[in-house]
K.L.:
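Quick one: structure below, then a few questions.
Only this structure's heavy atoms are used, side chains among them; waters, hydrogens and symmetry mates stay out. All chains are named by letter (A, B, ...) in the order of the sequence lines, taking the proteins before the strands, and each is independently numbered beginning at 1.
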Amino acid sequence: MLEKTYRPETVETRLYEAWEQSGAFAADPAGARRPYTIMMPPPNVTGSLHMGHALTFTLQDILIRFERMRGRDALWQPGTDHAGIATEIVVTNQLAEEGKTRGDLGRAAFIERVWAWKAESGGTITRQLRRLGASADWPRERFTMDTGLSAAVRRVFVTLYREGLIYRDKRLVNWDPVMHTVISDLEVDNRETRGKLWHIRYPIEGEPGRYLVVATTRPETMLGDTGVAVHPEDARYADLVGKTVRLPLVGRLIPVVADPYADPEKGSGAVKITPAHDFNDFEVGRRHGLEAINIFDRDAHLNDAVPERYRGLERFVARKKIVADLDAAGFLEKVEDQVSMVPHHDRSGEIIEPWLTDQWFCNAAALAKPAIEAVECGQTVFVPRQWENTFFEWLRNIQPWCISRQLWWGHQIPAWYDRDGNVFVAETGEEAALLAAERHGRPVDLTQDEDVLDTWFSSALWPFSTLGWPDATPELKRYYPGDVLVTGFDIIFFWVARMMMQGLHFMGDVPFRTVYIHALVRDERGQKMSKSKGNIIDPLDLIDRYGCDAVRFTLAGLASPGRDINLSEKRVEGGRNFATKLWNAARYAEINGCAPFGNATPPDFDPRQCRLTVNRWIGGATRDCATGVTAALETFRFDEAAHLLYHFVWGTFCDWYLEFTKPILAGDEAAARAETQATTAWVLARLLCLLHPLMPFLTEELWHELGGAGMLIGAAWPDLPPDLHDPEAAAEMDWIVAAISTIRAIRTEVNVPPAARLPLVVRDADAAAASRIERHREHLLRLARLSDIAAAGTAPAGGLAAVVDGATLILRVGDVIDLAKEKARLAKEIGRLDGDLRKFAGKLANPDFLAKAKPEIIDEQRQREADARRDRDRLQAAYDRIAAG
RNA sequence: GGGCGCGUAGCUCAGCGGGAGAGCACUACGUUGACAUCGUAGGGGUCAGAGGUUCAAUCCCUCUCGCGCCCA
């Protein structure tokens with residue numbers, strides 16, 4: 001027999017191993033089933049599972065298990081990402097603790113060290129995914145720096161280079177002066193920072209004593225100024241355009257130009273132009289032919305392009321000195337406090353320095369066009385749809401993508417240089433050597449580009465590189481494009497857009513048909529989880545304490561579209577309680593001979609053949625539930641699926657069906673008992689199937705315990721016939737539920753002790769109500785705690801009246817009844833109905849309503865009006881009887 | 001500044017043109033061999049505000065206020 005409560009810790013590991021070892025997660029490329037593919041977004045190889053992972057992988061696993069049960073050949077392609085910068089930072093920090101630097105080791109030793117770290121910690125995240133129940137096809141696990149995937153990276157790089165879509169260029173880039181690497185625009189985090197606005201006087205050449213005041217948040221870059229801009233329509237400065245000013249501290253003459261970039265409202269309205277150290281200034285400089293003078297070295301220390309006294313100073317040290325010097329020389333007009341956006345590296349936290357360097361770029365605009373079109377014409381659809389705007393917005397304004405990084409951990413760029421700096425791009429060094437030899441007419445020495453590629457360059461290829469591309473593998477043919485990509489909105493730009501671009505370019509088709517964007521997981525008060533706030537909820541800790549299924553069910557239930565998830569432990573407790581509820585229902589079924597595939601259950605049982613109304617009713621209700629859950633999962637409404645199941649299991653199956661059928665199971669009518677056992681077993685088996693994608697462990701365990709054949713993970717998804725639904729049975733049982741609920745409510749209202757059994761008198765029952773009462777007499781007696789049910793033509797004394805569709809129910813409570821209180825209770829109810837009746841009357845008397853509303857709506861209103869009137873009249877009669885008595 | 005989203009019960013959220021819902025919390029009472037991780041019942045809301053469209057608005061449109069996020 002099942003234990004009293006479900007103990008996840010005794011079940012989860014055992015079942016997961018059983019699934020994995022049986023090959024239940026494996027795709028079947030050679031089979032005949034239609035494929036269903038989800039590419040797992042590869043987590044960082046050295047990372048560990050956080051709440052966001054728990055959400056995204058739970059949702060993916062739900063879809064995979066659902067479609068697998070629906071008969072699809074499900075491939076959930078797992079793997080991990082080398083996460084260039086993130087991993088390099090981790091290992092560099094480890095070295096720092098040993099008092100060493102990356103440079104002390106040298107490139108080869110450093111990379112070896114990272115591989116060692118990967119070997120040590122790389123299994124963590126995949127072990128944690130297993131704890132979450134993720135049914136990924138593990139033997140197909142890939143890593144972005146695998147041999148195969150690295151070859152794909154080189155093939156893509158070389159191809160795009162030859163197509164002119166990858167090129168080398170000298171541009172202003174985002175430079176991290178501590179890590180000494182460039183990063184892409186997306187990796188820049190603009191943070192609001194309190195700073196100052198310095199107003200500096202630039203003397204106008206040829207007009208002694210006159211100054212042009214410029215306002216800047218970065219006075220130290222003035223050493224690289226090559227112009228000053230004012231707005232073309234700014235009358236204050238109109239006469240200065242075309243003149244020159246003499247740069248303080250430097251002495252260089254620089255022109256005043258008219259450019260709309262200068263905002264007359266901001267600061268003094270005049271801005272210094274430093275083309276080599278500001279992205280906007282770079283553009284202004286280009287428009288006006290201004291020189292770009294680079295004043296920083298790779299450490300953001302001032303270089304030889306500045307006056308000698310400032311050379312070698314770190315940028316913020318230089319700032320202080322320059323401000324002091326300007327002040328001393330009378331060039332500083334004023335200083336204001338100002339909050340401005342300062343670019344930081346999102347990983348290292350360092351302040352970014354815009355810096356002119358040679359880097360590799362990818363022509364993202366060219367690749368973006370097909371990606372935009374594919375979403376425009378619906379080849380790929382975002383769910384929720386509104387994220388398409390975000391996608392379009394970014395792709396339509398996309399800038400060249402800087403793909404080179406001055407790191408060691410990653411895919412080294414397949415470009416080689418000869419001594420003259422000529423570049424040879426090829427998939428291998430040998431090939432590059434051949435190209436060089438051809439060019440020079442003899443073999444020459446080459447050195448490979450030191451840089452590596454942006455991590456996202458390889459992730460962008462994930463949907464096809466994991467399937468064996470560039471080889472034409474059967475997997476590639478079969479599983480590309482994937483069906484759904486499940487991910488968070490924060491990587492639409494980083495990853496989704498780039499997979500779209502590369503997929504379309506190299507595979508000629510989108511990488512996935514649907515992109516399901518889920519929300520962020522926040523804490524219970526809606527705050528973002530972070531280490532510094534100390535509000536992190538660890539999914540593994542939750543799994544330990546509440547069980548994996550409770551966590552999964554909770555997350556699914558909270559996954560409403562377009563809304564962030566505020567997770568509280570109370571919710572998970574609710575999920576755990578639900579698991580216990582289901583467990584106990586199954587336990588009850590087992591005790592009563594209703595195990596799904598036990599001896600009591602004929603294998604050819606068809607619930608449509610049931611004779612008892614209660615069994616016909618639950619069969620139909622199960623069908624309705626299954627239909628709803630299927631529709632919900634098909635449309636990514638995980639919340640709806642969870643809620644439907646919760647309410648059906650708890651509110652319908654446990655609260656009513658199991659209660660209704662207890663007397664049958666305990667009774668001695670063999671046929672009725674057998675039918676009920678079979679029905680209970682049948683419903684329970686379907687419920688285990690329907691719940692399995694959300695709660696895989698609990699359902700699998702129950703499946704086994706109750707004698708299910710094979711493994712539930714491989715069972716078929718319930719596809720129930722429409723004629724299971726029996727409207728008459730549903731109406732009848734709904735009536736009984738309403739009658740019982742009504743009687744219970746009255747009892748509570750007048751404080752009848754729960755244990756007391758009271759007689760019920762039924763008055764003025766119509767034929768349907770009378771027969772329902774007769775057929776379900778036992779249910780009413782037991783669940784409403786009645787001693788007797790009698791029909792009466794006359795009103796009994798001392799009764800509490802209530803109306804249930806077609807009958808007046810009078811609960812006899814004897815002499816204890818307080819007549820005044822009862823009159824008040826009835827009057828209140830009558831008053832409520834009168835209010836409803838006024839509303840209906842108003843509507844039904846409105847000619848516009850009758851003329852314009854849909855006929856079925858009018859009928860419905862009429863029916864409701866009639867029902868309300870009838871109920872009101874019955875209550876009024878009861879009231880009158882008391883008043884008369 | 002541009003864009004997206006959100007204000008519904010004490011809290012967290014569904015619903016999104018015709019009867020205001022769930023979970024949790026709260027109150028009262030607990031009975032029947034699945035379950036106290038439970039049962040039964042109850043209280044609690046001018047659906048942010050103001051206009052408009054409509055026979056009908058929590059739902060559609062406009063504006064206002066408040067909050068969040070993304071991009072500049």
K.L.:
Is the distance from OP1 or OP2 of B:C13 to the nearest side-chain N or O of A:N566 less than 4.0 Å?
P.N.:
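Indeed, a polar side-chain atom of A:N566 lies that close.
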
K.L.:
Between B:C69, B:C55, B:G15, which one does the side chain of A:R637 approach most closely?
P.N.:
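In terms of side-chain proximity for A:R637, the closest of B:C69, B:C55, B:G15 is B:G15.
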
K.L.:
By nearest atom, which of the nucleotides B:C55, B:C35, B:U31 is closest to the A:D848 side chain?
P.N.:
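Among B:C55, B:C35, B:U31, the one nearest the side chain of A:D848 is B:C55.
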
K.L.:
When the P atoms of B:C67 and B:A25 are considered, how many whole Å apart are they?
P.N.:
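After rounding to an integer number of Å, I get 31 Å for this pair.
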
K.L.:
Without decimals, in angstroms, what is the distance between A:E778 CD and B:U32 P?
P.N.:
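Result: 18 Å.
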
K.L.:
Does the gap between the ring centers of A:W583 and A:Y6 come in under 6.0 Å?
P.N.:
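Centroid distance A:W583-A:Y6: below 6.0 Å, so yes.
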
K.L.:
Minimum heavy-atom separation for A:A559 to A:F638, with atom names?
P.N.:
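Looking at all heavy atoms of both residues, the shortest contact is CB-CB, 4.3 Å.
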
K.L.:
What's the gap between B:U53 and B:G10 when it is taken at their C1' atoms, as a whole Å value?
P.N.:
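About 36 Å, rounded to a whole number of Å.
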
K.L.:
Classify the side chain of A:R782 and the base of B:U32 as holding, or not holding, a donor-acceptor pair under 3.5 Å.
P.N.:
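Yes, the side chain and the base share a sub-3.5 Å donor-acceptor pair.
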
K.L.:
How close or far is atom P of B:C35 from atom CG of A:N584, stated in whole angstroms?
P.N.:
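The distance from CG of A:N584 to P of B:C35 comes to 6 Å, rounded to the nearest Å.
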
K.L.:
Say we look at B:G3 and B:U64: how far apart would their P atoms be, to the nearest angstrom?
P.N.:
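The answer is 13 Å between these two P atoms.
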
K.L.:
Determine the interplanar angle of the A:F382 and A:F391 rings, folded into 0 to 90°, and report it as parallel if under 30°, tilted if 30 to 60°, perpendicular if over 60°.
P.N.:
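Ring orientation of A:F382 relative to A:F391: tilted.
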
K.L.:
Can you give me the closest heavy-atom contact between A:D281 and A:T274, atom names plus distance?
P.N.:
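Here A:D281 and A:T274 meet closest at OD2-N, 2.7 Å.
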
K.L.:
On the ring face of A:Y588, is A:K662 found with NZ or CZ under 6.0 Å from the centre and within 45° of the axis?
P.N.:
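The answer is yes, since A:K662 meets both limits relative to A:Y588.
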
K.L.:
B:A34 P sits how many Å from A:L2 CG, rounded?
P.N.:
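About 14 Å, once rounded to whole Å.
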
K.L.:
Counting the atoms with a prime plus P, OP1 and OP2 as sugar-phosphate, which does A:K4 contact under 4.0 Å by heavy atoms, base, sugar-phosphate, or nothing?
P.N.:
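Touches sugar-phosphate only.
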
K.L.:
Given a 3.5 Å cut-off on both pairing distances, which stems involving RNA chain B, each at least three consecutive Watson-Crick or G-U pairs, are present, if any?
P.N.:
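Detected stem regions: B:1-7 with B:65-71, B:10-13 with B:21-24, B:26-30 with B:38-42, B:48-52 with B:60-64.
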
K.L.:
Can you pull out every side chain to side chain donor-acceptor pair (under 3.5 Å) where at least one residue sits in residues 841-863 of chain A? Sequence neighbours excluded, please.
P.N.:
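Every pair satisfying side chain to side chain donor-acceptor pair (under 3.5 Å) with a residue in residues 841-863 of chain A: A:Q863-A:D867.
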
K.L.:
Can you give the donor-acceptor pairs under 3.5 Å from side chains of residues 734-755 of chain A to other protein atoms, not counting sequence neighbours?
P.N.:
| residue | atom | partner | partner atom | Å |
| --- | --- | --- | --- | --- |
| A:W735 | NE1 | A:D805 | O | 2.7 |
| A:S741 | OG | A:V737 | O | 2.8 |
| A:T742 | OG1 | A:A738 | O | 2.6 |
| A:R744 | NE | A:L783 | O | 3.1 |
| A:R744 | NH2 | A:L783 | O | 3.4 |
| A:R747 | NH1 | A:A756 | O | 3.2 |
| A:R747 | NH1 | A:A784 | O | 3.1 |
| A:R747 | NH1 | A:R785 | O | 2.8 |
| A:R747 | NH2 | A:P753 | O | 3.2 |
| A:R747 | NH2 | A:P754 | O | 3.2 |
| A:R747 | NH2 | A:A756 | O | 2.6 |
| A:T748 | OG1 | A:R744 | O | 3.0 |

K.L.:
Grab the two heavy atoms, one from A:V173 and one from A:C402, that are nearest each other, plus how far apart they are.
P.N.:
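Closest approach of A:V173 to A:C402: CG1-SG, 4.5 Å.
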
K.L.:
Using every non-hydrogen atom in the two residues, find where A:A585 and A:C654 come nearest and quote the distance to one decimal.
P.N.:
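In this case the closest contact between A:A585 and A:C654 is CB-SG, 3.7 Å.
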
K.L.:
Given atom CD1 of A:I740 and atom P of B:U32, what is their separation to the nearest angstrom?
P.N.:
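Whole-Å distance recorded here is 18 Å.
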
K.L.:
Please report the distance, rounded to the nearest Å, between CD1 in A:I591 and P in B:U32.
P.N.:
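For the pair A:I591 CD1 and B:U32 P, the rounded distance is 17 Å.
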
K.L.:
Judged by atom type as modelled, is there a donor-acceptor pair below 3.5 Å linking the side chain of A:E590 to the main-chain atoms of A:L2?
P.N.:
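Yes, the answer is positive, given that a donor and an acceptor are paired below the 3.5 Å cut-off.
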
K.L.:
Whole-Å distance between B:C38 C1' and A:L658 CG?
P.N.:
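Taking CG of A:L658 and C1' of B:C38, I get 14 Å after rounding.
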
K.L.:
With the criterion being N/O to N/O and under 3.5 Å, what pairs connect the protein with nucleotides 1-5 of chain B, and how long is each?
P.N.:
none

K.L.:
State, to 0.1 Å, how close A:L665 and A:N592 come at their nearest heavy-atom pair, and which atoms those are.
P.N.:
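Closest approach of A:L665 to A:N592: CD1-CB, 3.8 Å.
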
K.L.:
If you look only at pairs with a residue in residues 387-399 of chain A, which of them pass as a salt bridge (charged side-chain N to carboxylate O under 4.0 Å, His left out), with sequence neighbours excluded?
P.N.:
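For residues 387-399 of chain A: A:E376-A:R396, A:R385-A:E388.
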
K.L.:
Taking the P atom in each of B:G44 and B:G30, what is the distance between them to the nearest angstrom?
P.N.:
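Roughly 23 Å separates the two P atoms.
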
K.L.:
How does each nucleotide of nucleotides 19-24 of chain B score, in 5' to 3' order, for protein heavy atoms under 4.0 Å: base (B), sugar-phosphate only (S), or none (-)?
P.N.:
B--SSS

K.L.:
Any N or O donor-acceptor pair under 3.5 Å from the base of B:U37 to the side chain of A:R576?
P.N.:
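Answer yes: a donor N or O sits under 3.5 Å from an acceptor.
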
